[in-house]
Protein chains: 2
Amino acid sequence: MGRDYDQIRKQLAVNIRVLRGQKGLSQEALALSADLDRTYISQIERGVGNPSLLVLCKLATILEADVNDLVGVPLPPQA
Amino acid sequence: MGRDYDQIRKQLAVNIRVLRGQKGLSQEALALSADLDRTYISQIERGVGNPSLLVLCKLATILEADVNDLVGVPLPPQA
DNA sequence: CTGTGACTTTTAGTCCGTA
DNA sequence: GTACGGACTAAAAGTCACA
């Protein structure tokens with residue numbers, strides 16, 4: 001049962017990093033905006049931990065993405 | 001920033017309840033399958049709490065839905 | 001600017017029973 | 001079969017020092 005989870009978590013890490021890059025934000029800047037700690041962003045982007053729905057929502061808001069975009073297989077090159 | 005979260009959490013509650021009903025599962029049965037506690041399912045369906053990504057994945061698996069379907073505004077009538 | 005380990009505080013998630 | 005509360009344990013949230 002952990003395979004889905006592992007895959008999703010890994011995808012989440014990638015998506016956040018990409019979206020953040022597209023916004024031209026540093027981990028620090030993202031952390032500040034999302035009211036999270038710099039190192040916590042680092043952890044998530046490394047696929048460490050198991051973020052809660054609340055954290056996902058915070059990040060989604062700042063990254064101007066939907067929670068789906070964070071968890072899913074989004075990020076098509078350029079529509 | 002809490003509005004998105006509140007909305008999503010509420011939607012999550014509804015979606016799980018509906019999907020569970022469609023599967024003909026009781027909260028107990030769902031909890032058992034997902035390896036979660038009976039009362040925790042109850043909490044989630046009442047919009048209480050802040051489930052982790054792992055829990056979302058577990059539930060999605062049992063309900064044969066995608067995590068997106070749980071968090072989003074899914075449940076289209078019949079594709 | 002980011003990765004990482006160690007750490008403390010808060011909360012998720014469990015287990016009990018009651019209605 | 002479900003809502004709800006209290007007490008408890010595991011884990012996430014959040015911080016710091018250092019590479």
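First the proteins, then the strands, lettered A, B, ... as listed; each starts at 1. All values reported here derive from a predicted model rather than from experimental measurement.
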In a check of side-chain contact (heavy atoms from CB on, under 4.5 Å) between Leu63(B) and each of Asn15(B), Val18(B), Asp69(B), Leu30(B), which one passes?
Leu30(B)

Leu70(A) and its side-chain contact (heavy atoms from CB on, under 4.5 Å) partner, picked from Val55(A), Ile16(A), Val14(A)
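Single pass found, and it is Ile16(A).
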
With a 4.0 Å cut-off on heavy atoms, is [X] in touch with a base, just the backbone sugar-phosphate, or nothing at all?
{"X": "Leu36(B)", "value": "sugar-phosphate"}
{"X": "Val55(A)", "value": "sugar-phosphate"}
{"X": "Asp37(A)", "value": "base"}

Pick the closest DNA chain C nucleotide for Val48(A) and for Arg38(B) by heavy atoms, then say which residue is nearer the 5' end.
Val48(A)

In whole Å, I'd like the distance from the [atom1] atom of [X] to the [atom2] atom of [N].
{"X": "Gln27(A)", "N": "dC1(C)", "atom1": "CD", "atom2": "P", "value": "10 Å"}
{"X": "Leu32(A)", "N": "dC1(C)", "atom1": "CG", "atom2": "P", "value": "12 Å"}
{"X": "Glu45(B)", "N": "dA3(D)", "atom1": "CD", "atom2": "P", "value": "6 Å"}
{"X": "Arg46(A)", "N": "dA12(D)", "atom1": "CZ", "atom2": "C1'", "value": "15 Å"}
{"X": "Leu59(A)", "N": "dA12(D)", "atom1": "CG", "atom2": "P", "value": "16 Å"}
{"X": "Ile41(A)", "N": "dT15(D)", "atom1": "CD1", "atom2": "C1'", "value": "14 Å"}
{"X": "Ile44(A)", "N": "dT2(C)", "atom1": "CD1", "atom2": "P", "value": "14 Å"}
{"X": "Leu12(B)", "N": "dA12(C)", "atom1": "CG", "atom2": "C1'", "value": "14 Å"}

So, for Glu45(A) and Ala13(A), which heavy atoms are closest and what is the spacing to 0.1 Å?
O-CB, 3.5 Å

Distance check: side-chain N/O of [X] vs OP1/OP2 of [N], anything under 4.0 Å?
{"X": "Arg20(B)", "N": "dT2(D)", "value": "yes"}
{"X": "Gln43(B)", "N": "dT14(C)", "value": "no"}
{"X": "Ser42(A)", "N": "dG3(C)", "value": "yes"}
{"X": "Arg17(B)", "N": "dG1(D)", "value": "no"}

Check whether Arg20(A) reaches the backbone of Leu25(A) with its side chain - one donor and one acceptor, N or O, closer than 3.5 Å.
yes

Test item: Asn50(B) side-chain N/O and Leu54(A) main-chain N/O as donor-acceptor pair under 3.5 Å
yes

Closest nucleotide of DNA chain D for Ser26(B) versus for Ser52(B): which of these residues is on the 5' side?
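Closer to the 5' end of DNA chain D: Ser26(B).
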
When you measure from the side chain of Thr39(B), which nucleotide among dG14(D), dC4(D), dT4(C) comes out closest?
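Within the option list, the nearest is dC4(D).
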
Please pick, from dA12(D), dA3(D), dG1(D), the nucleotide with the shortest atom-to-atom distance to any side-chain atom of Glu28(B).
dG1(D)

